[in-house]
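Working notes for the structure below.
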Amino acid sequence: MTPSAAALLRWYDRHHRDLPWRTPPGQGTRAPDPYRIWLSEVMLQQTTAAAVAPRFQRFLARFPSVEALAAAPEAAVMEEWAGLGYYARARNLHACARQLAASGGFPRDPAALRALPGIGAYTAAAVAAIAFGAPVVPVDGNVERIVARVFGVAEPLPGARSRLAALAQGFLGQAAARARPGDFAQALFDLGAGVCTSRRPACALCPWRAGGCAAEARGEQDSLPRRVAKRARPHRHGAHFLLADPATGRILLRRRPPGGLLGGMLELPGTPWRTAPWERNEALTHAPWPGLPWRLVPGTAAHGFTHFTLDMQLYAAALPAGPAGEAARSACRAAAGWEWRPPAAAAAALPTAMRRLLDLAAEDGTLPRAEPLRPAEPGAAAARRRTVRSGRNTGPRRPERP
DNA sequence: AACGCGGGGGT
DNA sequence: ACCCCAGCGTT
């Protein structure tokens with residue numbers, strides 16, 4: 001039997017999450033602001049609501065409207081996005097804002113939304129349903145998981161994706177779902193976030209228990225949805241350089257190329273990232289000024305990307321006084337995309353992988369410790385300490401030559 | 001269809 | 001150590 005949309009909405013009216021971008025359910029509420037819905041949906045792409053909430057507020061304070069966002073320089077948007085990951089989202093968000101400002105606002109039609117930069121099938125449906133009440137069901141990871149369970153779909157992801165999406169649209173056959181498309185979508189998200197979770201789903205709390213869910217009826221809720229096995233994540237190695245200017249207290253940063261990994265973000269200058277670790281002399285050929293007395297900072301910094309783990313070593317040096325320092329300073333100034341920034345400003349603008357290098361330098365006393373990206377929450381601080389400690393204890397992958 | 005693209009929290 | 005999250009764009 002098909003799970004009841006009305007039952008899910010009743011559950012949502014009682015148990016919905018309160019989130020900064022959300023219009024609470026019920027009649028008489030103000031219409032949602034499409035800008036806030038769009039911004040939240042882009043931030044929520046592959047990013048948890050807990051991580052998004054504080055960043056959403058901060059972004060909105062800095063860029064309060066489509067027009068304000070469109071008028072901002074791209075570098076300011078990238079900096080505001082630092083630490084959120086998937087930086088193409090920020091570039092597309094900015095490009096989309098400029099299109100919207102030029103065309104006079106948001107289209108309401110899902111197909112027209114889908115054509116905008118950074119808006120795919122999911123986000124188009126989410127904005128159309130939540131901001132405009134269009135009768136569509138946005139299908140994200142939560143919805144795929146819920147649908148696979150309630151309909152007992154055994155085919156593994158990602159192959160089952162189109163089938164699951166079609167089954168999700170089938171809810172619109174029920175009048176209750178058609179009457180409140182935005183709330184129905186958010187009800188599915190909240191069910192997925194709090195009840196029909198990826199591991200150990202809380203079936204006892206589910207409005208679709210007992211008759212609404214094929215997986216629960218068969219005791220298969222822990223094994224659905226199935227997924228095809230993915231291969232192990234390899235390691236790559238890099239060496240980066242922390243060059244300080246004692247005269248100004250600033251450190252040298254470099255802007256990465258606009259596309260690809262960490263595209264358009266700042267970094268500490270470094271070697272390419274490759275399979276084999278870097279010997280000292282080989283690494284130093286990539287230093288911004290190879291002739292300086294570079295000192296290897298003890299330990300390594302590690303950072304996990306989607307498809308590989310990066311292990312980084314850090315070399316530190318300071319510009320010497322006098323003509324030699326001035327020569328290095330002017331050479332680095334002449335290179336395109338190089339900038340000197342105070343360490344605190346650098347930390348705020350750098351992606352997390354690069355912040356790990358600053359953390360490593362701070363443990364060593366080379367730099368003052370950077371402010372955490374977000375205020376500490378229970379559990380978060382412990383997790384951060386674990387990461388730092390693991391970085392320190394990993395040690396150089398290959399011992400220094402005596 | 002497969003792959004590249006961050007980062008964090010839960011288990 | 002691994003999983004997965006309010007996915008999108010490119011090839």
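Convention: sequence-line order gives letters A, B, ...; per-chain numbering from 1. Side-chain atoms are counted along with the backbone in the values below, which use heavy atoms only and exclude waters and symmetry mates.
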Is [X] close enough to [N] that one of its side-chain N or O atoms is under 4.0 Å from OP1 or OP2 there?
X: A:Arg233; N: C:dC4; answer: no
X: A:His303; N: B:dG6; answer: no
X: A:Arg355; N: B:dG7; answer: no

Using a heavy-atom cut-off of 4.0 Å across all strands, would you classify [X] as base, sugar-phosphate, or nothing?
X: A:Ala49; result: nothing
X: A:Arg161; result: nothing
X: A:Pro138; result: nothing
X: A:Trp21; result: base

Tell me every residue that passes ring-ring contact (aromatic ring centres under 6.0 Å, His included) with [X], counting only those two or more places apart in sequence or in another chain.
X: A:His94; result: none
X: A:Tyr86; result: none
X: A:Trp294; result: A:Phe241
X: A:Phe189; result: none

Next on the checklist: Could you work out, with salt bridge (charged side-chain N to carboxylate O under 4.0 Å, His left out) as the rule, every residue matching A:Arg114, not counting sequence neighbours?
Outcome noted: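 Once residues adjacent in sequence are excluded, A:Arg114 has no partner under the salt bridge (charged side-chain N to carboxylate O under 4.0 Å, His left out) criterion.
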
Checklist entry - Quick one: salt bridge (charged side-chain N to carboxylate O under 4.0 Å, His left out) partners of A:Arg178, sequence neighbours excluded? => result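 Scan of A:Arg178 (salt bridge (charged side-chain N to carboxylate O under 4.0 Å, His left out), adjacent residues dropped) gives none.
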
Grab the [atom1]-[atom2] distance between [X] and [N] for me, whole Å please.
X: A:Leu157; N: C:dC4; atom1: CG; atom2: P; result: 10 Å
X: A:Arg149; N: C:dC4; atom1: CZ; atom2: C1'; result: 12 Å
X: A:Leu350; N: B:dG6; atom1: CG; atom2: C1'; result: 14 Å
X: A:Arg36; N: C:dA6; atom1: CZ; atom2: C1'; result: 16 Å
X: A:Ile130; N: C:dA6; atom1: CD1; atom2: P; result: 13 Å
X: A:Met43; N: B:dG8; atom1: CE; atom2: P; result: 14 Å

For residues 61-68 of chain A, dump all side-chain donor-acceptor pairs below 3.5 Å to protein atoms at least two apart in sequence or in another chain.
unit_1  : atom_1 : unit_2  : atom_2 : d
A:Arg62 : NH1    : A:Glu80 : OE1    : 2.9
A:Ser65 : OG     : A:Glu67 : N      : 3.4
A:Ser65 : OG     : A:Ala68 : N      : 3.1

Item to check | Heavy atoms of other groups near A:Arg163 CZ, more than 12 under 6.0 Å | outcome: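 No.
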
Item to check | Atom CZ of A:Arg200 with >12 non-hydrogen neighbours under 6.0 angstrom | outcome: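 Incorrect, the count does not exceed 12.
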
Which atom pairs, donor and acceptor, lie under 3.5 Å between side-chain atoms of residues 131-139 of chain A and protein residues at least two apart or in another chain?
none

Checklist entry - Which residues, if any, of residues 5-19 of chain A bring a heavy atom under 4.0 Å of DNA chain C? => result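 Output list: A:Arg17, A:Leu19.
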
Next on the checklist: Please list, in numerical order, the residues of residues 180-207 of chain A that have a heavy atom closer than 4.0 Å to any atom of DNA chain C.
Outcome noted: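 Here the set is A:Phe189, A:Ser198, A:Arg199.
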
Item to check | Mutual orientation of the aromatic rings belonging to A:Phe171 and A:Trp208 [parallel < 30°, tilted 30-60°, perpendicular > 60°] | outcome: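 Rings of A:Phe171 and A:Trp208: parallel, as their planes differ by under 30°.
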
Checklist entry - Is the A:His15 ring parallel, tilted or perpendicular to the A:Trp11 ring (thresholds 30°, 60°)? => result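 Ring orientation of A:His15 relative to A:Trp11: tilted.
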
Next on the checklist: Using the C1' atom as the point on both nucleotides, what is the distance between B:dC5 and C:dC5, in whole Å?
Outcome noted: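 Result for the C1' pair: 15 Å, nearest Å.
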
Checklist entry - In whole Å, what separates the P atom of B:dT11 from that of C:dA6? => result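 13 Å, rounded to whole Å.
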
Next on the checklist: Working note: A:Thr47 + A:Arg89, criterion side chain to side chain donor-acceptor pair (under 3.5 Å); need CA distance, chi angles, decisive distance, verdict.
Outcome noted: CA-CA 12 Å; A:Thr47 308; A:Arg89 293 187 296 176; 3.1 Å; yes

Next on the checklist: Could you check whether A:Gln186 and A:Arg22, counting side-chain N and O atoms only, form a donor-acceptor pair closer than 3.5 Å?
Outcome noted: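 Present: a donor and an acceptor within the cut-off.
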
Checklist entry - Given B:dG6, B:dG4, C:dA6, which nucleotide is nearest the side-chain atoms of A:Leu262? => result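 The listed nucleotide nearest to A:Leu262's side chain is B:dG6.
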
Item to check | Candidate nucleotides B:dC5, B:dG7, C:dA6, ranked by approach to the side chain of A:Thr306 - the nearest | outcome: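 The nucleotide sitting nearest to the side chain is B:dC5.
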
Checklist entry - Could you spell out the base pairing of DNA chain B in dot-bracket, with Watson-Crick or G-U pairs whose two distances are under 3.5 Å, [ ] crossing and | to another strand? => result |||||.|||||

Next on the checklist: One thing to verify: whether A:Arg161 and A:Glu144 come together as a salt bridge, which I'm taking to mean a side-chain N less than 4.0 angstrom from a carboxylate O.
Outcome noted: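 So A:Glu144 pairs with A:Arg161 through a salt bridge.
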
Item to check | 5'-most by nearest nucleotide on DNA chain B - A:Gly260 or A:Pro158 | outcome: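 Its nucleotide being nearer the 5' end, the pick is A:Pro158.
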
Please tabulate, one pair per line, each protein N/O and nucleotide N/O from nucleotides 7-11 of chain C that are separated by under 3.5 Å, including the distance.
unit_1 : atom_1 : unit_2   : atom_2 : d
C:dG7  : OP1    : A:Gly141 : N      : 3.1
C:dG7  : OP2    : A:Gln46  : N      : 3.0
C:dG7  : OP2    : A:Gln46  : OE1    : 3.3
C:dC8  : OP1    : A:Gly120 : N      : 2.9
C:dC8  : OP1    : A:Thr123 : N      : 2.9
C:dC8  : OP1    : A:Thr123 : OG1    : 2.6
C:dC8  : OP2    : A:Tyr122 : N      : 3.3
C:dG9  : OP1    : A:Gly118 : N      : 2.3
C:dG9  : OP1    : A:Ile119 : N      : 3.4

